Structures are given as C-alpha cells and as structure tokens.
Student: 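Sharing a structure here in structure tokens format.
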Amino acid sequence: MSEPTFAGRVSRWYEQNARDLPWREPDVTPWAILVSEVMLQQTPVVRVLPAWQAWLQRWPTPAALATESPAEAIRMWGRLGYPRRAVRLHECATAIVERHAGAVPDQLDQLLALPGIGTYTARAVAAFAYGQRHPVVDTNVRRVVCRAVAGEPDAGPATRPADLVATEELLPAEPAAAALASAAIMELGAVICTARAPRCTACPVETSCAWRASGQVAPPGPTRRPQRYAGTDRQVRGLLLGVLREATGPVPHQRLDQVWTDEVQRGRALRGLITDGLVEPVGEAAYRLIGDGPPAPVPG
DNA sequence: CACTCGTGGCC
DNA sequence: TGGCCAAGAGT
C-alpha cells in the first residue's frame with residue numbers, strides 16, 4: 001500500500017464524521033439535491049434544513065413547481081434571503097420541463113444553461129446527484145486547497161479557473177470516489193478548516209498541511225470591504241418584499257410607503273424588485289408578487 | 001473585475 | 001453591540 005493521498009485521507013475522515021444532512025441520503029432525487037444546492041447558496045445549513053423539507057414536500061418534482069406561480073415560490077422561500085433565488089428556481093423548474101421533459105439534466109453544459117445554476121451548483125449536481133468526476137469548488141473548498149496545498153492563509157473572493165484546476169488534480173480517477181472526495185473536502189472546510197478559527201488538531205490532513213507547516217500565518221487584513229446592511233437598498237427591498245409576501249394579491253402603494261420614509265430610496269428599491277422579476281405593478285397604484293393572480297391588464 | 005443581492009446568529 | 005459571516009449567481 002502506498003501513502004494515503006490527500007483526498008483519500010479527507011474522504012476517510014468524511015465517511016466517519018460527516019454531518020447527517022438529509023440531502024445526503026441515498027435515495028434523494030437529483031431535483032432535491034439541486035434544490036438543496038440553490039438554497040445553500042449563501043444561506044447557512046441550519047436555516048436550509050426545514051425550508052428544504054417543506055419545499056420538496058410541496059413540490060417533489062420540477063413539473064410540480066412549474067405548475068404554480070413564481071409568487072408561491074417566493075412565499076415558500078420564506079426568509080432564506082436573496083429571494084431572487086426563488087424566482088430563478090421557479091424558472092429553472094420550467095426550463096427543466098421544457099428542455100428536458102421534467103428530468104434534471106446530467107450534463108454540465110445543460111445544467112449551466114439553467115437559470116440560477118452557476119459554476120458551483122452545476123458541478124455539485126453533476127457530482128452529487130449523478131456521481132460524475134468534476135471538481136466542485138465553493139468557498140470552503142477554495143479555502144482548504146489554498147491552505148493545505150498552497151500554504152496560503154486564504155483564497156481570493158471569487159472562484160477562478162485556476163481553483164478548478166488545482167482541485168481537479170486532487171481528485172481520484174474513479175468518478176464515484178471523486179464525488180465523495182469533493183463532498184469530503186467541502187465538509188472539511190465547513191466543519192474543521194473554517195475561516196475564523198480552524199480546528200487543526202481535529203484535522204485529518206494536519207500533518208501534511210502546507211499552511212500549518214509554514215507557521216499558519218494569519219490572513220492579510222479585510223480582503224473585502226465589509227458588507228453593511230442597515231440603511232441599504234437591500235434592507236428596503238427586504239422590507240417591501242416582506243409586506244408583499246404576507247399579502248394575498250395586490251398591495252396599495254400607500255402601504256408600501258410605510259416601510260421606509262426616504263421616498264427616493266424606497267422608489268429605487270421597488271423599481272429594483274420589479275427589474276429583478278420579483279414584483280409587478282397592478283394598475284396605477286398597487287403592486288404584487290410576480291404572477292400572484294390573473295395577468296394584469298395590458299395597457300392599450 | 002467589482003458590485004449587487006437578504007437574513008439571522010454569533011463572538 | 002455591531003461587525004462579520006454562511007455550499008454563489010448575474011450583470
């Protein structure tokens with residue numbers, strides 16, 4: 001036997017220590033995995049868990065979701081954040097029905113062509129739902145590879161082609177083993193090799209970690225300017241959407257006016273929601289979630 | 001490439 | 001208490 005590889009060690013650790021997450025169960029459908037991946041984009045696992053269960057109970061297939069309105073998808077999304085993802089997921093379901101007869105495609109290029117499915121999610125579905133050999137690179141994986149292999153404190157802000165190449169080189173040749181390794185590296189980054197306070201003493205690759213060997217130098221200052229929230233358009237959009245989500249049907253603009261005093265910012269936020277396909281005007285003085293009722297009369 | 005886009009919990 | 005963060009995508 002040769003020395004265990006990096007992926008081999010992490011995979012072994014994963015098999016014994018992986019969190020018991022429902023979308024990792026054996027009989028989970030590709031659609032359920034796709035939904036989990038979209039929900040997990042920038043939203044913590046603990047908040048996704050109940051939302052994922054409820055979503056799939058209501059819409060077990062893309063066809064089931066495509067039957068309903070985008071407004072219902074936005075409501076079902078609840079407070080997971082970034083509600084554009086709910087609209088995209090609805091568009092995604094529709095596209096799957098139209099282009100792929102209701103079956104989640106298994107080819108990377110077809111997955112990438114779906115609304116709301118980007119570099120990470122397409123690869124995650126191809127690997128975790130279909131067992132294909134693709135590097136699945138999220139922020140956790142980039143951090144792990146950057147530290148353990150390159151010996152650097154942290155990765156850059158966005159996934160680059162070089163990140164995919166570096167990760168691909170770590171994967172075993174056999175597809176199923178590669179998919180397992182991808183999940184394992186991701187899990188390591190989420191649980192052990194965390195951004196803030198890595199638990200190196202519990203790490204399966206501590207002895208071969210380049211960052212550890214180099215003295216574990218701290219990352220340079222804030223690589224990204226802090227994302228403030230209070231007072232931003234984002235907050236105002238959230239407030240407006242909260243009102244529309246709770247309402248059934250059109251909401252008079254007077255009610256929306258109450259969520260934020262600054263009229264300029266309020267108007268900008270509302271226009272943004274419309275531009276993004278989350279909200280639509282109804283007549284001259286009311287708004288509703290997109291598709292929340294019969295089509296608005298066409299002017300003219 | 002830099003920027004936008006929610007939300008809630010934690011140290 | 002408030003900055004910081006959590007399985008990205010689209011423009």
Side-chain angles (χ1 to χ4, degrees), chain A residues 14 18-19 21-24 33-52 74 77-89 91-92 111-129 134-144 154-161 163-164 167 179 182-191 193-198 219 221-245 259 268-279:
Chain A
Y14 178 79
R19 290 169 294 175
L21 302 176
W23 44 83
R24 291 175 175 168
I33 290 174
L34 188 155
V35 171
S36 79
E37 294 299 344
V38 171
M39 287 185 170
L40 287 164
Q41 293 168 3
Q42 304 285 282
T43 300
V45 167
V46 289
R47 284 169 50 204
V48 166
L49 285 169
W52 181 80
I74 295 171
W77 193 255
R79 304 185 66 80
L80 287 181
Y82 293 146
R84 288 190 299 192
R85 289 181 291 164
V87 177
R88 300 258 167 73
L89 193 49
E91 293 172 356
C92 182
L111 286 163
L112 274 170
L114 295 171
I117 307 299
T119 305
Y120 163 77
T121 306
R123 292 165 178 279
V125 171
F128 302 149
H134 297 293
V136 182
V137 181
D138 72 338
T139 183
N140 289 312
V141 172
R142 285 190 301 117
R143 186 174 55 251
V144 168
D154 262 316
T159 298
R160 304 164 160 289
D163 297 319
L164 293 179
T167 303
S182 291
I185 297 171
M186 198 176 313
E187 182 81 348
L188 187 71
V191 176
C193 194
T194 57
R196 187 69 63 77
T223 157
R224 246 165 92 178
R225 85 162 190 264
Q227 53 169 355
R228 63 189 186 285
Y229 181 66
T232 61
D233 286 4
R234 245 150 136 171
Q235 183 184 20
V236 182
R237 286 168 59 117
L239 292 170
L240 291 170
L241 202 66
V243 172
L244 293 160
R245 198 163 42 210
V259 308
R268 189 170 61 228
L270 183 56
R271 282 193 303 278
L273 289 171
I274 295 170
T275 300
D276 289 351
L278 289 155
V279 172

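The sequence lines fix the lettering, A, B, ..., with proteins before strands; numbering per chain opens at 1. All values derive from a computational prediction rather than experimental measurement. No hydrogens, no waters, no symmetry mates; every other heavy atom, side chains included, goes into these values.
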Student: With rounding to whole Å, what would you report as the distance between C/dA9 and B/dG9 at their P atoms?
Tutor: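 Straight-line distance between the two P atoms is 25 Å.
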Student: Grab the CG-P distance between A/L89 and B/dC5 for me, whole Å please.
Tutor: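 In whole Å, B/dC5 P and A/L89 CG are 21 Å from each other.
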Student: Name each donor-acceptor pair under 3.5 Å that joins a side chain in residues 34-41 of chain A to protein atoms two or more places apart or in another chain, with its distance.
Tutor:
residue : atom : partner : partner atom : Å
A/S36   : OG   : A/I33   : O            : 2.7
A/E37   : OE1  : A/Y120  : OH           : 2.6
A/Q41   : NE2  : A/T121  : OG1          : 2.8

Student: Over all strands shown, is A/R268 touching base, sugar-phosphate only, or nothing at heavy-atom distances under 4.0 angstrom?
Tutor: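 Nothing, no nucleic acid heavy atom in range.
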Student: Applying a 4.0 Å non-hydrogen cut-off, can you work out what A/L21 is touching in the nucleic acid: base, sugar-phosphate, or nothing?
Tutor: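 Base contact.
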Student: Under 4.0 Å between any heavy atoms, over every strand shown, what does A/R79 touch: base, sugar-phosphate, or nothing? Just pick one.
Tutor: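 The answer is sugar-phosphate, as A/R79 gets under 4.0 Å only of primed atoms, P, OP1 or OP2.
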Student: Using a cut-off of 6.0 Å, state whether more than 12 heavy atoms not belonging to A/R24 lie near its atom CZ.
Tutor: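 Yes, because the 6.0 Å sphere around CZ of A/R24 holds more than 12 heavy atoms from other groups.
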Student: Answer with base, sugar-phosphate or nothing: what part of the nucleic acid does A/T159 contact at a heavy-atom distance below 4.0 Å?
Tutor: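 Nothing, no heavy atom under 4.0 Å.
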Student: When you measure from the side chain of A/R24, which nucleotide among B/dT7, C/dA7, C/dA6 comes out closest?
Tutor: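 Out of B/dT7, C/dA7, C/dA6, the nucleotide with an atom closest to A/R24's side chain is C/dA7.
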Student: Using a distance-only test with no angle check, is there a side-chain donor-acceptor pair under 3.5 angstrom linking A/T43 and A/R85?
Tutor: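 Yes, because at least one side-chain N or O of A/T43 sits under 3.5 Å from a partner of the opposite role on A/R85.
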Student: Quick one: label A/G118 by what it contacts on the DNA or RNA (base, sugar-phosphate, nothing), any heavy atom closer than 4.0 Å.
Tutor: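 It contacts sugar-phosphate atoms only.
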Student: So what does A/W23 hit on the nucleic acid, given a heavy-atom distance under 4.0 Å: a base, only sugar-phosphate, or nothing?
Tutor: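 A/W23: base contact, heavy atoms under 4.0 Å.
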Student: What does A/T121 touch in the nucleic acid at a heavy-atom separation under 4.0 angstrom: a base, only the sugar-phosphate, or nothing?
Tutor: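 The residue A/T121 makes sugar-phosphate contact but no base contact.
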Student: Tell me whether the side-chain N/O atoms of A/Y82 come closer than 4.0 Å to OP1 or OP2 in C/dG8.
Tutor: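 The answer is no; no side-chain N or O of A/Y82 sits under 4.0 Å from OP1 or OP2.
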Student: Which nucleotide, C/dA9, C/dA7, B/dG6, lies nearest any side-chain atom of A/V45?
Tutor: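 Closest nucleotide among those given: C/dA7.
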Student: Looking at every strand, decide which applies to A/L241 at a 4.0 Å heavy-atom threshold: base, sugar-phosphate, or nothing.
Tutor: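 Nothing: the residue A/L241, judged by heavy atoms under 4.0 Å, touches no strand.
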Student: Which part of the nucleic acid does A/R19 contact within heavy-atom distance under 4.0 Å: base, sugar-phosphate only, or nothing?
Tutor: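 Base contact.
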Student: Under 4.0 Å between any heavy atoms, over every strand shown, what does A/T232 touch: base, sugar-phosphate, or nothing? Just pick one.
Tutor: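 No contact.
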Student: Find every protein N or O atom lying less than 3.5 Å from an N or O atom of nucleotides 9-11 of chain B, and list the pairs.
Tutor:
none

Student: What's the gap between C/dA7 and B/dC5 when it is taken at their P atoms, as a whole Å value?
Tutor: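 After rounding to an integer number of Å, I get 22 Å for this pair.
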Student: Quick check on DNA chain B: between A/R85 and A/R160, whose nearest nucleotide comes earlier from the 5' end?
Tutor: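 The residue whose closest nucleotide sits nearer the 5' end is A/R160.
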Student: Is any side-chain nitrogen or oxygen of A/Q42 closer than 4.0 Å to OP1 or OP2 of C/dG8?
Tutor: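 Affirmative; the distance criterion is met.
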Student: To the nearest 0.5 Å, tell me how far A/D233 CG sits from A/L270 CG.
Tutor: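 One finds 11.5 Å between CG of A/D233 and CG of A/L270.
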Student: Which comes earlier along DNA chain C counting from the 5' end, the contact point of A/T119 or that of A/R143, where each point is its nearest nucleotide?
Tutor: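 Taking each residue's closest nucleotide, the earlier one in sequence belongs to A/R143.
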